[in-house]
*Asks:* 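Mind looking over this structure? Questions follow.
The chain is numbered in sequence order, starting from 1.
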Amino acid sequence: MRLVRLAQQPSRVAEDVRAALASLGRGSNVVGGVALVGASPVEGRPVEAVVVMPKGVLIVIGVDLPDPALKLEAPLGGPWKADGWPLVHGDTSINPATDALSLSAACTHKIADVAPGAGPIGTIIAVGPYVETVDQPAADLAGSVRVLYPTATTMLAATVSLATAPRPRSVQQARELIAALAPDAPPMPEEMLLGEGFSAYSDDEPTVIRENPLVAIAPTVPVQHPGKAKRPAKPAVPPAPPVEPTRPAKPVQAAPPPVRPVPQGQPARQAVAAKPVPPARQATAPAAAAPTEQAPKAPHQSKTVKWLPLAAIGLLIVLLVAAISVASGGDDTASTQTTPPPTPATSPPPPSSSAVENIQFTSRASAADQKCASHAYGDVQTSLQQTSCSTVKRASFASSIDGRAAAVTIAVVDFPNAEQATAFKGTADNPGGGGILDVATETNQWQGDVPVFEGAAYQSSLDGNSVRLVQVVWVPGPSTPDDPGLVRGAKAALELPVNG
């Protein structure tokens, strides 16, 4: 999910909406699309966001409640109740969402006019400042409007249930719709839109995919015929013995000397003639019993021919066993050589204070490249798209803090100068402003429970042109940003080496 900030969002719940959309991550791994934050489909009436997705469009409108609530009863066509108390919004409004639904209808008509056939258009009424449970009637849930408090879970469920087109829209259709809804939005490259799940063409046919396997199968057809040709070659050997009696019959009539030049001339015509030469020499010694002796010798030759493949297979097995033993021996030596390096990673880093001594960090994954924006989300991603960085190094660690399992994700972003690094740190330190994705989660290298970096303790540091971002959570959760153990672990992680 790509976030494009266009204007200030009008409601107090706007920050929660932006954070929930940012939590969906980049690309189409979770939910793909482009969120136009602060867009105004209807002139002069901005909304929290218009989310252009491959299989639908969502209009997100914020509604601020007077106070937080544990339970909100929110029928679209009736009065709302917060913890059993009715909510009154103006003199003519049935409930606080009346104006929001009117704005949603106007936005829906605008989208249908600028992009006919745009697919399903849904509406999300985001309520705040906080609601633990929203009770919406089943009849309303069957429609295209959802009332919710924006979190990563509720936003994901709403996007999945409302964007239900059978086929994704194309990159060109997405560009035209984004340009119509937000003319000030920056142009988006085709690679980015393809990564968000939009298709390359509006009329993709599955037959294009079917052609490639057929082309790949065609070269394999002639490969099978040599195997079949070799199989009849084996039974072709036994007919050779009946031919051999004719060959010794000729040398019996002639003198022994001319028999020797015959095999010398025959190999030039047929390579197979070199094999029956030994029986011809044996037949000259016992001339009277030549036919009776050749009959038992022919089976000996066929047996040797039949045993040759078995002997070759046995030799291959011996070679394979030897290769495996050598490889296993090499792995053992490699493992003995590689075991010492992990010991410093599993041991605690050089402590900056006495409180760090009881914290251990075990490396799980690390990576480094120059595609900084592709590994970020939220406002941090927008900042990196505008100001390119030199490199981004990421690392993931499993930790044990006060005997409790924790997960640590670290990102070190290098910039060409200190001014850019300072500005980036200010954006990253803003609550709800996004961050850098965890490398172990992206590469599926966590062992056991996969951590969710929601409510993580956060720390950052600036070292010249380099900015370090640290997040620490309990595994399993829940976690809070002000947890003393997590905060202590985040401060200790500021000193961990990150090599990428």
*Asks:* Taking only residues two or more places apart in sequence or in another chain, which ones pass side chain to side chain donor-acceptor pair (under 3.5 Å) with T391?
*Replies:*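 In terms of side chain to side chain donor-acceptor pair (under 3.5 Å), with neighbours along the sequence ignored, T391 is linked to D414.
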
*Asks:* Just jot down the salt bridge (charged side-chain N to carboxylate O under 4.0 Å, His left out) partners of D402, sequence neighbours excluded, or say none.
*Replies:*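 By the salt bridge (charged side-chain N to carboxylate O under 4.0 Å, His left out) rule, D402 matches R488.
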
*Asks:* Please name all residues satisfying side chain to side chain donor-acceptor pair (under 3.5 Å) with D483, sequence neighbours left out, ordered by chain then number.
*Replies:*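 If we apply the side chain to side chain donor-acceptor pair (under 3.5 Å) test to D483, skipping adjacent residues, the hits are W474.
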
*Asks:* Which value, rounded to the nearest 0.5 Å, describes the distance between I61 atom CD1 and D99 atom CG?
*Replies:*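 That separation rounds to 10.0 Å.
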
*Asks:* Counting N and O atoms only, with roles assigned by atom type, does the side chain of S104 sit under 3.5 Å from a partner on the main chain of A100, one being a donor and the other an acceptor?
*Replies:*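 Looks like no, no N/O pair under 3.5 Å.
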
*Asks:* So, applying side-chain contact (heavy atoms from CB on, under 4.5 Å) with L72, which one of T133, L148, L87 is it?
*Replies:*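 In the set T133, L148, L87, the residue that makes a side-chain contact (heavy atoms from CB on, under 4.5 Å) with L72 is L87.
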
*Asks:* Can you tell which of V134, V131, D135 makes a side-chain contact (heavy atoms from CB on, under 4.5 Å) with V147?
*Replies:*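 By the side-chain contact (heavy atoms from CB on, under 4.5 Å) criterion, V147 pairs with just one of V134, V131, D135: V134.
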
*Asks:* Output every pair passing side chain to side chain donor-acceptor pair (under 3.5 Å) with a member in residues 424-441, not counting sequence neighbours, ordered by first then second residue.
*Replies:*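 Residue pairs passing side chain to side chain donor-acceptor pair (under 3.5 Å), neighbours aside: S396-D438, T409-D438, K425-D429, K425-S460, D429-Y458, D429-S460, D438-T441, D438-W446, T441-W446.
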
*Asks:* Please list, chain by chain and in numerical order, all residues satisfying side chain to side chain donor-acceptor pair (under 3.5 Å) with Q172, sequence neighbours excluded.
*Replies:*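 E176.
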
*Asks:* Once rounded to the nearest 0.5 Å, what's the spacing between atom CG of L70 and atom OH of Y130?
*Replies:*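 Interatomic distance, L70 CG to Y130 OH, rounded to 0.5 Å: 7.0 Å.
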
*Asks:* With R18, which residues qualify under salt bridge (charged side-chain N to carboxylate O under 4.0 Å, His left out), at least two apart?
*Replies:*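 Partners of R18 under the salt bridge (charged side-chain N to carboxylate O under 4.0 Å, His left out) test: D379.
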
*Asks:* Checking the side chain of D140 only, and the main-chain atoms of P75 only, is there a donor and an acceptor separated by less than 3.5 Å?
*Replies:*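 Side chain of D140 to backbone of P75: no pair is present.
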
*Asks:* Not counting sequence neighbours, which residues clear side-chain contact (heavy atoms from CB on, under 4.5 Å) with D113? List them please.
*Replies:*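 None.
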
*Asks:* Tell me every residue that passes side-chain contact (heavy atoms from CB on, under 4.5 Å) with P416, counting only those two or more places apart in sequence or in another chain.
*Replies:*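 Counting only residues at least two positions away or on another chain, P416 forms a side-chain contact (heavy atoms from CB on, under 4.5 Å) with S390, Q420.
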
*Asks:* Suppose we screen for side-chain contact (heavy atoms from CB on, under 4.5 Å). Which residues come up paired with A421, at least two apart in sequence or across chains?
*Replies:*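 If we apply the side-chain contact (heavy atoms from CB on, under 4.5 Å) test to A421, skipping adjacent residues, the hits are F415, L462, V467.
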
*Asks:* Mark yes or no for whether E48, through its side chain, and G62, through its backbone, hold a donor-acceptor pair below 3.5 Å.
*Replies:*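 Yes, the answer is positive, given that a donor and an acceptor are paired below the 3.5 Å cut-off.
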
*Asks:* If you round to the nearest 0.5 Å, how far is CG of L181 from CG of L6?
*Replies:*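 Between L6 CG and L181 CG, I get 10.0 Å after rounding to 0.5 Å.
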
*Asks:* How long is the straight-line distance from CZ of F424 back to CD of Q386, given to the nearest 0.5 Å?
*Replies:*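 Rounded to the nearest 0.5 Å, the CD-CZ separation comes out at 12.5 Å.
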
*Asks:* Under 3.5 Å, which donor-acceptor pairs do the side chains of residues 157-164 form with other protein atoms, sequence neighbours left out?
*Replies:*
| unit_1 | atom_1 | unit_2 | atom_2 | d |
| --- | --- | --- | --- | --- |
| T159 | OG1 | M155 | O | 3.0 |
| T159 | OG1 | L156 | O | 2.8 |
| S161 | OG | A157 | O | 3.1 |
| S161 | OG | A158 | O | 3.1 |

*Asks:* Determine yes or no for a side-chain-to-main-chain donor-acceptor pair under 3.5 angstrom, with S93 supplying the side chain and P96 the backbone.
*Replies:*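 Checking the backbone N and O of P96 against the side chain of S93, no donor-acceptor pair under 3.5 Å is found.
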
*Asks:* Roughly how far, to the nearest 0.5 Å, is CD of Q381 from OG of S374?
*Replies:*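 Separation between the atoms: 8.5 Å.
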
*Asks:* By side-chain contact (heavy atoms from CB on, under 4.5 Å), which residues pair with A165, not counting sequence neighbours?
*Replies:*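 Counting only residues at least two positions away or on another chain, A165 forms a side-chain contact (heavy atoms from CB on, under 4.5 Å) with K55, P120.
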
*Asks:* As an exercise, state the distance from CD of Q136 to CG of L141, rounded to the nearest 0.5 Å.
*Replies:*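 Reported value, rounded in 0.5 Å steps: 4.5 Å.
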
*Asks:* Apply side chain to side chain donor-acceptor pair (under 3.5 Å) to Q445 and list each qualifying residue two or more places apart in sequence or on a separate chain.
*Replies:*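 Partners of Q445 under the side chain to side chain donor-acceptor pair (under 3.5 Å) test: T443.
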
